[in-house]
Amino acid sequence: MSTPNSLSQSATLLIEVFTEELPPKSLRRLGTSFSEGIFGALKAAGLTTESSKVTSFATPRRLAVQITDVLSQANDYPVREKLLPTSIAFDADGKATPPLLKKLSALGYADLDLSTLEKAGEGKNEALFLNVIAKGAALEQTAQTALNQTLSKLPIAKMMHYQVLQKNGQLADVQFARPAHRIIALHGDTILNMSSLGIDASNQTEGHRFLAPGVITITDADQYENTLEKQANVLASFDKRRTQIETQLLKAAGADLVLMPESLLDEVTALVEWPAIYECHFDEEFLEVPQECLILTMQTNQKYFALTDQHGKLRNRFLVVSNIETNKPDAIISGNERVVRPRLSDARFFFQQDQKRSLASRVSDLGRVVYHNQLGNQLDRTKRVQEIAIGIAQKLQVDDKLASRAAEIAKTDLLTDMVGEFPELQGIMGRYYANHDGESAEVAAACSEHYMPRFAGDSLPATQTGTILAIADKLETLVGIWGVGLAPTGDKDPYALRRHALGICRLLLEKNFSLSLPELIELARSQFPQKEVQEKADAAAIYEFIIDRLRPYLRDQSVAGKPFTSAEIDAVLSQAPAQINDLIGRLSALREFNAFPQAAQLAAANKRISNILKKTATPIPAACSSKLLQNPAEIELFQALEAITPALNAAYEQRQFVELLKALVALSAPIDQFFADVMVMDPNQELRDNRLALLQQLHQKMNLVADLGKLA
């Protein structure tokens with residue numbers, strides 16, 4: 001960054017682009033990108049200072065940035081750049097060659113006195129260097145370039161093409177998010193000679209479309225925000241406007257709770273320049289419709305804020321954010337109440353119509369809905385999920401009839417009018433309709449819960465059947481999509497398989513389901529009759545993919561407020577555990593083991609054993625023979641291992657991992673003595689193989705909980 005000098009003046013820079021109404025869902029991002037683009041270019045050119053501060057503004061009709069302490073002229077700076085080897089830069093007569101002249105021209109020094117060029121190096125390494133004091137960038141030119149480049153790079157999904165009448169009477173073709181009408185470019189109180197989008201910069205903008213129509217003059221860049229607020233009824237700051245809306249909503253809600261999704265708050269903030277909150281009502285008869293439907297239609301279609309009582313029950317009052325502040329809001333209130341009524345009537349109609357057919361009667365209709373061209377229709381998928389759910393229920397030794405019924409009807413709400421209108425209600429409406437049809441509470445709950453968790457940190461199913469169906473549904477998706485060759489690559493994961501894999505992990509772990517993950521994958525694979533699908537759905541690869549999702553999840557877990565380390569997690573997961581419900585228990589036990597005085601010695605010994613076994617090329621006998629033991633140290637180790645093996649096995653079966661690791665402490669001294677006295681790689685092959693077998697048995701028992709060698 002530069003600091004002011006006697007040749008440059010420091011002042012606040014303001015650049016605003018005034019347009020027709022910008023896309024509300026992307027306004028916040030547009031404002032941020034606009035300010036970052038302008039500031040980044042000025043900073044790179046040395047026109048900002050250490051004290052420069054950036055403020056971003058974004059309203060429905062303007063994008064602006066205000067940067068304090070911007071120089072009118074950047075400081076001059078030294079430039080030293082290698083040009084060419086001397087042998088190439090000059091010909092035999094000592095004259096500049098075309099490559100040198102071309103290089104200088106490209107750098108903007110075509111008229112440079114060649115005698116000022118610097119030679120450095122000796123012999124073949126001698127080269128020619130440009131060594132000059134370059135003039136610092138001028139604000140006006142740099143800001144012009146920055147504005148053009150920033151506007152061209154804004155994250156705009158669809159550009160509008162239009163024409164602008166120029167001063168010379170000619171029409172110029174322009175493209176931007178929306179037609180632009182004015183541009184402000186002020187450095188302090190000085191208007192910069194800039195233009196863009198066919199418009200010359202000035203110090204004028206326009207006020208609120210209804211409350212302060214007409215031209216507003218900004219006399220100084222520092223007065224921009226204050227002038228707009230006091231004279232133009234415009235709150236230019238997106239964040240301040242959003243905060244004010246949130247505060248006013250909470251105040252207007254009174255004793256009730258106001259539902260304020262972040263996305264809705266952002267969108268409403270992007271629709272108004274001078275927010276005002278008004279309370280409206282709808283007929284109580286609409287409360288007979290599931291409140292999720294009413295809330296969604298108010299939020300999605302009308303951008304209204306629904307209210308509930310303290311217990312979460314929907315009220316028949318709602319709040320609207322208007323762009324007009326008035327002490328006579330009757331027309332605004334009645335207009336919004338009139339508009340919302342047909343929307344709620346539609347929701348009630350959909351709900352009533354859907355209830356005329358049971359979910360069970362819609363099952364066959366799933367056959368007309370394509371799921372994937374290589375995996376069949378939704379009915380085919382439903383049958384696969386059903387078989388997986390039944391298999392899981394049987395493994396858990398619970399009622400598989402509930403799981404079967406839930407799987408059979410869970411996707412049928414996709415065919416209802418309500419979900420057709422509001423896809424976000426899938427599952428939620430399934431629960432309502434299942435209850436209406438007289439399905440069991442467990443089955444009805446599973447219709448909604450099988451989508452859980454929908455995202456990271458989402459809640460899990462409350463019912464056992466919902467949990468079983470959630471696992472089955474995610475497994476079928478993961479194996480099926482993998483089987484048609486659409487496994488995630490890089491950042492691409494169009495079928496959200498990473499989210500499904502993490503969901504499976506959380507369901508098994510947090511619900512403490514003692515199920516073998518490899519067996520579950522095989523259960524899912526067996527439901528696909530297509531041979532090519534089964535071949536591509538490699539069970540080992542899918543297992544690794546699921547286990548990899550556990551690593552970041554486990555890093556977020558902790559014991560006594562201390563997160564698990566990467567080494568601890570790797571030590572546990574490297575053992576490829578079939579059951580993952582006990583991973584937290586293993587990690588917690590490993591944390592306690594690390595506190596033992598003998599832990600470091602046992603971890604080092606385990607790592608040494610691992611290295612020995614890895615380097616062994618010949619097959620190792622399955623068991624160590626006590627008859628071949630000769631050295632007292634190996635006999636002692638064998639006997640110590642034999643003595644604690646029953647306790648190790650019992651502790652492992654009962655998942656008493658701390659007790660298991662404590663028992664290993666008894667092996668510490670025998671292991672030390674073994675490596676001190678015994679030569680494992682004895683010239684006698686029979687003795688060597690027997691000692692390797694002993695180490696292999698020891699290695700297996702030491703690593704029942706985790707690979708202790710990973711801690712060394």
Legend entry - Steps toward salt bridge (Lys or Arg N to Asp or Glu O under 4.0 Å) verdict (R61, E20): CA-CA 5 Å; R61 298 202 295 163; E20 294 293 334; 5.8 Å; no
Legend entry - side-chain contact (heavy atoms from CB on, under 4.5 Å) assessment of L249 paired with M260: CA-CA 9 Å; L249 285 171; M260 297 185 290; 3.8 Å; yes
Legend entry - Nearest heavy-atom neighbours spanning A41 and A146: CB-CB, 3.5 Å
Inset, instruction - Please answer whether the main-chain N or O of G367 pairs with a side-chain N or O of N377 as donor and acceptor at a distance below 3.5 Å. - result: yes
Legend entry - Contact summary for T19 and P60, nearest pair of heavy atoms: OG1-O, 4.5 Å
Legend entry - Partners passing side chain to side chain contact (heavy atoms under 4.5 Å, CB included) against N233 (at least two apart in sequence or in another chain): H208, L211, A212, W274
Legend entry - Side chain to side chain, L30 and L154, heavy atoms closer than 4.5 Å: yes
Inset, instruction - Sequence neighbours left out, what pairs pass salt bridge (Lys or Arg N to Asp or Glu O under 4.0 Å) with at least one residue falling in residues 284-299? - result: E285-R348
Legend entry - Minimum-distance pair of heavy atoms, taken over all atoms of P461 and A470: CG-CB, 4.2 Å
Inset, instruction - Taking all heavy atoms of S322 and all of Y278, pick out the closest pair and write down the distance. - result: CB-CE1, 3.6 Å
Inset, instruction - Side-chain contact test, heavy atoms from C-beta onward, threshold under 4.5 Å: evaluate it for E225 versus K240 and give yes or no. - result: yes
Inset, instruction - Inspect the contact between E206 and R62 and indicate whether a charged nitrogen and a carboxylate oxygen are less than 4.0 angstrom apart. - result: no
Inset, instruction - Compare every heavy atom of V339 with every heavy atom of R343, then report the nearest pair and how far apart it is. - result: CG-O, 3.9 Å
Legend entry - K153: side chain to side chain contact (heavy atoms under 4.5 Å, CB included) partners, not counting sequence neighbours: none
Legend entry - pair Q302-N336: side-chain heavy atoms closer than 4.5 Å: no
Inset, instruction - Kindly indicate, with the supporting measurements, whether the criterion side chain to side chain donor-acceptor pair (under 3.5 Å) is fulfilled by R29 and T32. - result: CA-CA 5 Å; R29 196 153 46 99; T32 301; over 6 Å; no
Inset, instruction - Please check if the side chain of S202 supplies one atom and the backbone of Q204 the other of a donor-acceptor pair under 3.5 Å. - result: yes
Inset, instruction - Run the numbers on D266 and K25 for salt bridge (Lys or Arg N to Asp or Glu O under 4.0 Å), then give the verdict. - result: CA-CA 7 Å; D266 280 348; K25 290 187 178 180; over 6 Å; no
Legend entry - Between NZ on residue K474 and CD1 on residue I504, distance to nearest 0.5 Å: 8.0 Å
Legend entry - Within 45° cone and under 6.0 Å: R182 NZ/CZ vs F18 ring: no
Inset, instruction - For L502, check side chain to side chain contact (heavy atoms under 4.5 Å, CB included) against everything at least two apart and list the hits. - result: R506, R549, Y553
Inset, instruction - Tell me, please, which residues at least two apart from E325 pass salt bridge (charged side-chain N to carboxylate O under 4.0 Å, His left out). - result: none
Legend entry - Side chains of V321 and Y304 in contact at under 4.5 Å (non-hydrogen atoms): no
Legend entry - Under 3.5 Å: donor-acceptor pair, side chain of H436, backbone of Y432: no
Legend entry - side-chain hydrogen bond (donor to acceptor under 3.5 Å, both in side chains) pairs, two or more places apart, involving residues 252-265: R242-E262, D256-R315, D256-R317
Inset, instruction - Quick one: list whatever passes ring pair (Phe, Tyr, Trp, His ring centres under 6.0 Å) with F286, sequence neighbours left out. - result: none
Legend entry - Interatomic distance, T300 atom OG1 to E267 atom CD [nearest 0.5 angstrom]: 9.0 Å
Legend entry - Residue pair D473, R381: steps toward the side-chain contact (heavy atoms from CB on, under 4.5 Å) verdict: CA-CA 9 Å; D473 185 69; R381 180 169 188 256; 3.0 Å; yes
Inset, instruction - Mark yes or no for whether S52, through its side chain, and T48, through its backbone, hold a donor-acceptor pair below 3.5 Å. - result: no
Under 3.5 Å, which donor-acceptor pairs link side chains of residues 414-427 to any protein atom two or more places apart or in another chain?
from: T416; atom 1: OG1; to: D413; atom 2: O; distance (Å): 2.7
from: T416; atom 1: OG1; to: V419; atom 2: N; distance (Å): 3.4

Inset, instruction - Scan residues 137-151 for pairs that pass salt bridge (Lys or Arg N to Asp or Glu O under 4.0 Å), counting only residues two or more places apart or in two chains. - result: none
Legend entry - Heavy-atom pair with the smallest gap, counting every atom of G207 and V234: C-CG2, 4.1 Å
Which side-chain N or O atoms in residues 190-201 pair as donor and acceptor under 3.5 Å with protein atoms at least two apart or in another chain?
from: S196; atom 1: OG; to: N148; atom 2: OD1; distance (Å): 3.0
from: D200; atom 1: OD2; to: K167; atom 2: NZ; distance (Å): 3.0

Inset, instruction - Would you mind reporting whether L151 and V17 have side-chain heavy atoms less than 4.5 Å apart? - result: yes
List, one per line, each side-chain donor-acceptor pair under 3.5 Å for residues 437-444, sequence neighbours excluded.
from: D437; atom 1: OD2; to: L359; atom 2: N; distance (Å): 2.8
from: E439; atom 1: OE1; to: R405; atom 2: NE; distance (Å): 3.2
from: E439; atom 1: OE2; to: R405; atom 2: NE; distance (Å): 3.3
from: E439; atom 1: OE2; to: R405; atom 2: NH2; distance (Å): 2.7
from: S440; atom 1: OG; to: V443; atom 2: N; distance (Å): 3.2
from: E442; atom 1: OE2; to: Q464; atom 2: N; distance (Å): 3.4
from: E442; atom 1: OE2; to: T465; atom 2: N; distance (Å): 3.1
from: E442; atom 1: OE2; to: T465; atom 2: OG1; distance (Å): 3.0

Inset, instruction - Evaluate salt bridge (Lys or Arg N to Asp or Glu O under 4.0 Å) for E273 paired with R241, printing each intermediate quantity in order. - result: CA-CA 8 Å; E273 289 191 320; R241 212 161 59 250; over 6 Å; no
Inset, instruction - Output the distance between atom CG (L507) and atom CD (E449), rounded to the nearest 0.5 Å. - result: 10.5 Å
Inset, instruction - Decide yes or no for L497 and I481: does some side-chain heavy atom of the first lie under 4.5 Å from some side-chain heavy atom of the second? - result: yes
Legend entry - Contacts of type ring pair (Phe, Tyr, Trp, His ring centres under 6.0 Å), residue F57, not counting sequence neighbours: Y224
Inset, instruction - Calculate, to the nearest 0.5 Å, the distance between atoms CG and CG belonging to L314 and L257 respectively. - result: 11.5 Å
Inset, instruction - Find the distance between CG (D69) and CG (L47) and round it off to the nearest 0.5 Å. - result: 12.5 Å
Inset, instruction - Mind checking the CG-CG spacing from L139 to L42? Nearest 0.5 Å is all I need. - result: 6.5 Å
Inset, instruction - Examine the side chains of H281 and E279 and answer whether a donor and an acceptor come within less than 3.5 Å of each other. - result: yes
Legend entry - Student check: side-chain heavy atoms of L265 and F305 closer than 4.5 Å: yes
Inset, instruction - Indicate yes or no: at least one non-hydrogen side-chain atom of K313 is less than 4.5 angstrom from one of T308. - result: no
Legend entry - Between Q248 and K251, a side-chain donor and acceptor under 3.5 Å: no
Inset, instruction - Report yes or no: does S152 contribute a side-chain atom to a donor-acceptor pair with the main-chain N or O of Q149 at less than 3.5 Å? - result: yes
